[in-house]
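Notes follow the structure.
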There are 2 protein chains.
Amino acid sequence: MEPTTQLFKALSEPVRLRIIAMLLDGERCVCELMAGLDMPQSTVSRHLAYLKNSGWVTGERRGVWSYYRLREPTTDLHRGLLELLAAHLPRDPAAAGLDVAAMTAAGKANRC
Amino acid sequence: MEPTTQLFKALSEPVRLRIIAMLLDGERCVCELMAGLDMPQSTVSRHLAYLKNSGWVTGERRGVWSYYRLREPTTDLHRGLLELLAAHLPRDPAAAGLDVAAMTAAGKANRC
DNA sequence: TCTGTGTATCCGGATAGGCGGATATTGTCA
DNA sequence: TGACAATATCCGCCTATCCGGATACACAGA
């Protein structure tokens, strides 16, 4: 697994770019990512695993909830890519900023 | 075809990264790229087509010879990626700079 | 017009990877 | 201990894409 191309491969799907965009502001739990992406749980989980395997994110479980954050870059290219994404990825308010009140109103009581 | 992810997809293969690295110094003809990459002609051609379709390079034919160069970036992300690659892609002397004399000695008379 | 050269494209085979639903696993609480 | 919730992983299906050899196409020169 060529590390350089793996970094780029991970960015070759719109879903993963959105996940990274959401994590640019800091750590998030899986339910926030799921809500923001509006996709099946298995789809989100699989992309998170892919990002983890390719070195883009790191995750940890606290109790039942899982939290993900961007991983500290290990190479200059990685760092440069991250800065580039931070400067150019659209910050999707609907995805990046969750309206907790609205979610609660929608009947989703369980949140991390 | 999402333009952003297409840019990243194109960088997901080592061969294409090497092609871009070779083109960072300017236009090259296909035979130079073939010699530098040391791969079958069809393989090189296919990757060049891929890079062309994804917006990374542009090519033109002059007589029998075909020449390729990096395309002028059309977005800020594209421009940033290109600068990043220019700063970090290894410049492979064996690939980037062809020894014409050695090639001629090797019996390869035909060159663009 | 024909031949040779350079290059684009196609082909069959193989691998990578995306999808949503189903299932397995882990943690928590009663 | 069992039920429930969160999440990781698997499954079958499907698309994308890689490979080198073969073939098709374009150009130039005799």
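Note on naming: letters A, B, ... go to the chains in the order of the sequence lines (proteins, then strands), and numbering restarts at 1 for each one.
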N/O donor to acceptor pairs below 3.5 angstrom from side-chain atoms of residues 74-82 of chain B, sequence neighbours left out:
{"unit_1": "Thr75(B)", "atom_1": "OG1", "unit_2": "His78(B)", "atom_2": "N", "d": "3.0"}
{"unit_1": "Asp76(B)", "atom_1": "OD1", "unit_2": "Arg79(B)", "atom_2": "NH1", "d": "3.2"}

Set of residues satisfying side-chain hydrogen bond (donor to acceptor under 3.5 Å, both in side chains) with respect to Ser12(B), sequence neighbours excluded: Ser12(A)
Find every protein N or O atom lying less than 3.5 Å from an N or O atom of nucleotides 14-17 of chain C, and list the pairs.
{"unit_1": "dG17(C)", "atom_1": "OP1", "unit_2": "Tyr50(A)", "atom_2": "OH", "d": "3.0"}

d(CG, Leu48(A); P, dT7(D)) in whole Å: 10 Å
Spacing of CZ belonging to Arg28(A) relative to CG belonging to Leu70(A), to within rounding of 0.5 Å: 10.5 Å
Arg71(A): partners by side-chain hydrogen bond (donor to acceptor under 3.5 Å, both in side chains), with sequence neighbours left out: none
Touch class at under 4.0 angstrom, heavy-atom based, for Tyr67(B) against every strand present: nothing
With sequence neighbours excluded, residues passing side-chain hydrogen bond (donor to acceptor under 3.5 Å, both in side chains) with Glu27(A): Arg62(A), Arg69(A)
Atom-to-atom span, CE of Met39(A) to P of dC19(C) - whole angstrom: 5 Å
Sugar-phosphate, base or nothing in reach of Ser66(B), heavy atoms under 4.0 Å: sugar-phosphate
Between P of dG6(C) and CZ of Arg28(B), the distance in whole Å: 18 Å
Whole-Å distance separating the CD atom of Glu60(B) from the C1' atom of dC27(D): 15 Å
Distance in angstrom units between Leu51(B) CG and dT7(C) C1', rounded: 16 Å
Met34(A) CE - dG21(C) P separation (whole Å): 12 Å
Those residues that, when tested against Met34(A), pass side chain to side chain contact (heavy atoms under 4.5 Å, CB included) (two or more places apart): Val30(A), Gln41(A), Val44(A)
Position toward the 5' end of DNA chain C (nearest nucleotide), Ser45(B) or His47(A): Ser45(B)
Whole angstrom value for the distance that separates P of dG6(C) from OH of Tyr68(B): 15 Å
Give me the distances for all protein-to-nucleotides 21-26 of chain D N/O pairs that come in under 3.5 Å?
{"unit_1": "dG21(D)", "atom_1": "N7", "unit_2": "Ser42(B)", "atom_2": "OG", "d": "3.1"}
{"unit_1": "dG21(D)", "atom_1": "O6", "unit_2": "Ser42(B)", "atom_2": "OG", "d": "3.2"}

Whole-Å gap separating C1' (dC18(D)) and CG (Asn53(B)): 16 Å
Side-chain touch Trp56(A)/Leu11(A), heavy atoms, less than 4.5 angstrom: yes
Side chains of Tyr50(B) and Val15(B) in contact at under 4.5 Å (non-hydrogen atoms): no
Residue pairs involving residues 38-52 of chain B (criterion salt bridge (charged side-chain N to carboxylate O under 4.0 Å, His left out); sequence neighbours excluded): none
